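Everything on this sheet refers to the single structure shown next.
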Number of protein chains: 2
Amino acid sequence: MTSDVLSTEAPEAQAETDGRHVRGDRTRQALLEAAFSEIYEQGFRSARLNEIVARAGCTKGSLYHHFPDKHALGLAAADEFIGAYIREVWIEPLGEAADPLAAIRAIIERHAEGGVGVDPRFGCPYQNLSQELSGIDAGFQEIFTGLFERWRNAVADALTRGQTAGAVRRDIDPQCVATLIVASHQGVVSMIKATQDLDVGHAAATAFFGYLESLRP
Amino acid sequence: MTSDVLSTEAPEAQAETDGRHVRGDRTRQALLEAAFSEIYEQGFRSARLNEIVARAGCTKGSLYHHFPDKHALGLAAADEFIGAYIREVWIEPLGEAADPLAAIRAIIERHAEGGVGVDPRFGCPYQNLSQELSGIDAGFQEIFTGLFERWRNAVADALTRGQTAGAVRRDIDPQCVATLIVASHQGVVSMIKATQDLDVGHAAATAFFGYLESLRP
DNA sequence: TCAAACATACCAACCGGTCGGTTTGTTTAA
DNA sequence: TTAAACAAACCGACCGGTTGGTATGTTTGA
């Protein structure tokens, strides 16, 4: 794992077995982490189970003891790690923000500094997986829709609170603007990946910050 | 091909062989079209050569007569069809526009009406391929960078002309704003695909049109 | 006639998944 | 205390099917 924010630093001894079978839980967690990074880099369909078990330091037998098949492994990994990423990087910082526009700007700047564990070379994990599997796989589809809903609502709620606090223009629709903000961010990250050029991100960020300012009263 | 704009309606008798070998050119074109739609729907790595030759109505022998390998076929298909899409939908309409902001709005609305051959179920071809292969494959990388450069410059040039014509604010950087516009559009299309929900596009479009208005003097 | 164009049969490599068997750790009972 | 009994965890060889690519022969058109 290159990321710190994308890893689940669970105390590893609070599983359903109540502290027993610690070894099994460790293996399961290692498989999830290995699966996530392999899927993050290669995509789900190109992710190799042999590579995953090699990274996790176990074998096919272990994998199929903990998960019924590749699909279930991918679902579990995506749900856990991508959900954690959106929660820690977007939802939590926005939940406490008095000035939502400044908070959003700070999140973008944190991305530009590389402080969120998103490798420009591989792009955004949410983006990668949803692009590959949306419209094809119902299970992943459900995860993406749910994550996006929580993500957009967090931004929209922050904007609404900003409106009542007088920090955001009252004549804009928070839901619409939140959708555009999330989509734009996704688009910029994907553009950086497409061009492999960080300057694209800086240029887009300059214009994006101008847009944020235009939302002030 | 579901699209009309994505097809190259070349008169098919102006190839390098100067009118001779018409049959061979037709097969080559059929292979390119089949390869593009298969890659568009499945991604490059998951695209099956057997499926491509079946759609093109020929066999492996023909394919490997015209192209050295799968990679070269994919490069040729991507360069031709995605380049044509960006040219016809973005560059040409912007080249003649007196009011660039209105032209950009019209392009977005044309997308929303489904008039550009981009199936929401499969997303934007440029987006799909660049997400899958950027940072991994140097050949495709080169194509994506070049296409993006022409795309962004077309928008930036239109904005600059709009500035001199008094239709666009003079205190914005056309290059930065153009980058954000292209990236946002990409992000919205990808969000529609991720959620499989056209309402997301409508919400984002509403806010996006507001942003465009904020660019007027 | 001859080369371009195309078809058919085929191969080696790979991948997801299976299966019989082994190791490790916990529970039970004398 | 300890050893038998049991179950969870793990191993790695193996299988059926698929895929990109090749070898070889046939057709077509100038």
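Small disclaimer: the values here were computed from a predicted structure and weren't measured. Throughout, a chain's letter reflects where its sequence line sits, starting with A, and its residues are numbered from 1.
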Compute whether any side-chain donor of one residue and acceptor of the other, for Gln141(A) and Thr145(A), lie under 3.5 angstrom apart.
yes
Flag for Gln131(A)-Gln131(B): side-chain donor and acceptor within less than 3.5 Å
no
Length of the CG-P vector between Leu31(A) and dA9(D), whole Å
12 Å
Does the ring center of Tyr85(B) lie less than 6.0 Å from the ring center of Trp90(B)?
no
Between NE2 of His65(B) and C1' of dG21(D) the distance, given in whole Å, is 17 Å
dT24(C) C1' sits how many Å from Arg26(A) CZ, rounded?
13 Å
Do Phe140(A) and Phe44(A) have their ring centres less than 6.0 Å from each other?
yes
Between dT19(D) (P) and Glu51(B) (CD): distance, integer Å:
10 Å
Salt bridge (Lys or Arg N to Asp or Glu O under 4.0 Å): which pairs involve residues 58-78 of chain A, sequence neighbours left out?
none
Strand-adjacent residues in residues 52-59 of chain A, judged by heavy atoms under 4.0 Å from DNA chain C:
none
Counting only side-chain nitrogens and oxygens, does His66(A) get under 4.0 Å of the OP1 or OP2 atom of dA8(D)?
no
Return each pair, listed once, that meets salt bridge (Lys or Arg N to Asp or Glu O under 4.0 Å) where at least one residue sits in residues 138-160 of chain A; pairs must be two or more places apart or across chains.
Glu149(A)-Arg152(A)
Going by salt bridge (Lys or Arg N to Asp or Glu O under 4.0 Å), name the pairs with one or both residues in residues 176-196 of chain A, residues two or more places apart or in two chains.
none
Atom pairs, protein N/O to nucleotides 16-20 of chain C N/O, distance under 3.5 Å:
residue	atom	partner	partner atom	Å
dG16(C)	OP1	Ala47(A)	O	2.9
dG16(C)	OP1	Lys70(A)	NZ	3.2
dG16(C)	OP2	Leu49(A)	N	3.1
dG17(C)	OP2	Tyr64(A)	OH	2.6
dG17(C)	OP2	Lys70(A)	N	3.0
dG17(C)	O5'	Tyr64(A)	OH	3.1
dG17(C)	N7	Lys60(A)	NZ	3.0
dG17(C)	O6	Lys60(A)	NZ	2.7

Who pairs with His202(A) by ring pair (Phe, Tyr, Trp, His ring centres under 6.0 Å), at least two apart in sequence or on another chain?
none
